[in-house]
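Since the structure comes first, as structure tokens, the remarks are kept for the end.
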Protein chains: 2
Amino acid sequence: MTSRTPRPRERGIPEATVARLPLYLRALHGLSERGTPTVSSEELASVAGVNSAKLRKDLSHLGSYGTRGVGYDVEYLIYQISRELGLTQDWSVAITGAGNLGRALANYGGFGTRGFRIAALLDADPAMVGHEVAGLQVRHIDTLEDVVAKENVSICVIATPAAAAQGVCDRFVGAGVTSILNFAPMVLNVPDHVDVRKVDLSIELQILAFHEQRKAGGDKGPEWVGALDQ
Amino acid sequence: MTSRTPRPRERGIPEATVARLPLYLRALHGLSERGTPTVSSEELASVAGVNSAKLRKDLSHLGSYGTRGVGYDVEYLIYQISRELGLTQDWSVAITGAGNLGRALANYGGFGTRGFRIAALLDADPAMVGHEVAGLQVRHIDTLEDVVAKENVSICVIATPAAAAQGVCDRFVGAGVTSILNFAPMVLNVPDHVDVRKVDLSIELQILAFHEQRKAGGDKGPEWVGALDQ
DNA sequence: TCCACTTTGTGCGTGCATTCACAAGGGCGT
DNA sequence: ACGCCCTTGTGAATGCACGCACAAAGTGGA
């Protein structure tokens, strides 16, 4: 048995915890800007919108950085979480697709603030090349491999139409990118060593619609079900 | 025993399943456009990027819509999933924030295609009001309550700066909206009966950075790499 | 020094999600 | 009609996530 070893064990930090660390980090930055020196798990959890026990368990995966009876030192915790997330170094990000979404992402302040630098904005449309967006000149998609190599890009964002996404993805992977944030409404096919995270606007809406229908419909089958049935 | 239970349609679909139904639906639409009449769980799972056993269990929550030895009828399954998600009716959606992101969302084709209609695009900036975006005139935020009432909006999208998000959220909730899709980088405070889904671009990047750092090996931080087993 | 108070870190029970593996069921060729 | 082969639907096992509740640990006051 033991056909194959599944994972190299993520240093013991659960995926669910990793997904919440950025939330805590944001809350801590808010406290830091207000000059708060320390914070209890109860307060921080409240700001971050989670259960305090969950927060303590999450933080315990990083180490024992709190002080019993006092709480957590805000600045120190910011540093520890930043380090764990890999934000103490700068990551070069390449965005593909200079359409509405791509431009919105390039202009999104949250990217540039801490840990991330937009190295390039690429597009396949020659008419778009050369336009300035968020202080960047749009470059042609053919320079993709150059950009990845020269700017040392390891994270890319795909904001192209669905039809172009897989092709762009393949080129990024071929160029050595191993982390992809995909906004195109489709499933990307990548090798095992590449991480893909998906942001899908219409899926989110459909999930909301499901719950909305349930709230409106309530207990019994809605009348239009019978009318439309087959 | 064949038709004695016409609709087992059991209420109580797991949340994880609901989140995947839109994925299946999209895959099925692709198959439908290619004229595929039936599909096996193995094929559909492959297209949707999930495990086939998981897909079958997901679909089994909707009812027994497959045929053993054959698979699932594509059109019929599209209808069943659409109905379950509440997409056989149209939902009016109001988008707040006509900045880069709001305009990108308004122009996003995926919204209008099936089940969703953008009823209004709102903004607080008087200079923005009246501009046409995606065939819609931007309206002032003060008309929010009017729009919600007249257009029967039950789902709203918040694409404002973080500082304005909670205020806009409160107004929507006060006007009767019970489902919110939040793009602002902050935690919204809402009553229990309101559903909020969060799309946070910088959080996704930070999660990628974490895994990217891990892949880069222990060459960066302290080397407690395999030592956290307890 | 000692005690009371505060807050962390975690053992543990519960419930959900995932995956395996297979019996039940249906089509199709002979 | 019959049996083979295919695929669904699901019991069962495993693992993960969450949250309660409490002991451990550190602070501050007397």
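To find a chain, count down the sequence lines: A is the first, B the second, and so on, and within it residues start at 1. No hydrogens, no waters, no symmetry mates; every other heavy atom, side chains included, goes into these values.
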Counting side-chain heavy atoms from CB outward, which of [options] is closest to [X]?
X: B:R68; options: D:dT8, D:dC20, D:dT27; answer: D:dT8
X: B:S60; options: D:dT10, C:dG9, C:dT19; answer: D:dT10
X: B:N51; options: C:dT8, D:dT27, C:dT19; answer: C:dT19

Would you mind classifying the nucleic acid contact of A:A53 as base, sugar-phosphate or nothing, using non-hydrogen atoms under 4.0 angstrom?
base
Using a heavy-atom distance cut-off of less than 4.0 Å, which residues of residues 23-39 of chain A contact DNA chain C?
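The stretch gives none, as no residue of it lies under 4.0 Å from the strand.
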For a quick test of reading the model: is some side-chain N or O of [X] closer than 4.0 Å to OP1 or OP2 of [N]?
X: B:K57; N: D:dT10; answer: no
X: A:Y72; N: C:dG9; answer: yes
X: B:S41; N: D:dT7; answer: no
X: A:R56; N: D:dA24; answer: no

Starting at atom [atom1] of [X], determine the distance to atom [atom2] of [N], rounded to an integer number of angstrom.
X: B:L62; N: D:dT8; atom1: CG; atom2: P; answer: 14 Å
X: A:E15; N: D:dC16; atom1: CD; atom2: P; answer: 12 Å
X: B:R20; N: C:dC16; atom1: CZ; atom2: P; answer: 15 Å
X: A:L55; N: C:dT8; atom1: CG; atom2: C1'; answer: 11 Å
X: B:K54; N: D:dT7; atom1: NZ; atom2: C1'; answer: 20 Å
X: A:L77; N: C:dT8; atom1: CG; atom2: P; answer: 11 Å
X: A:Y65; N: C:dT10; atom1: OH; atom2: C1'; answer: 17 Å
X: A:L59; N: D:dC18; atom1: CG; atom2: P; answer: 14 Å

Need to verify one output field. Residue with the more 5' nearest nucleotide on DNA chain D, B:T67 or A:T67?
B:T67
For DNA chain D, whose closest nucleotide is more 5', that of A:D58 or that of B:S40?
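Looking at DNA chain D, the more 5' nearest nucleotide goes with B:S40.
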State, to 0.1 Å, how close A:R56 and A:Y72 come at their nearest heavy-atom pair, and which atoms those are.
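Nearest heavy atoms, A:R56 then A:Y72: CG-OH, 3.9 Å.
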Could you pull out the closest heavy-atom pair between A:L44 and A:A27, with the gap in Å?
CD1-CB, 3.7 Å
Do we see a donor-acceptor contact under 3.5 Å between the side chains of [X] and [Y]?
X: B:S202; Y: B:D200; value: yes
X: B:H29; Y: B:R26; value: no
X: A:S40; Y: A:E43; value: yes

Testing A:Y76, A:Y79, A:Y24 for ring-ring contact (aromatic ring centres under 6.0 Å, His included) with A:Y65, which one passes?
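With A:Y65 as partner, A:Y76, A:Y79, A:Y24 yield a single ring-ring contact (aromatic ring centres under 6.0 Å, His included), made by A:Y76.
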Of all pairs that satisfy salt bridge (charged side-chain N to carboxylate O under 4.0 Å, His left out), the ones with a partner from residues 171-187 of chain B, not counting sequence neighbours
B:D142-B:R171, B:E145-B:R171
Is there a side chain to side chain donor-acceptor pair (under 3.5 Å) between A:S179 and B:E212 once you walk through the steps?
CA-CA 7 Å; A:S179 292; B:E212 191 62 30; 2.4 Å; yes
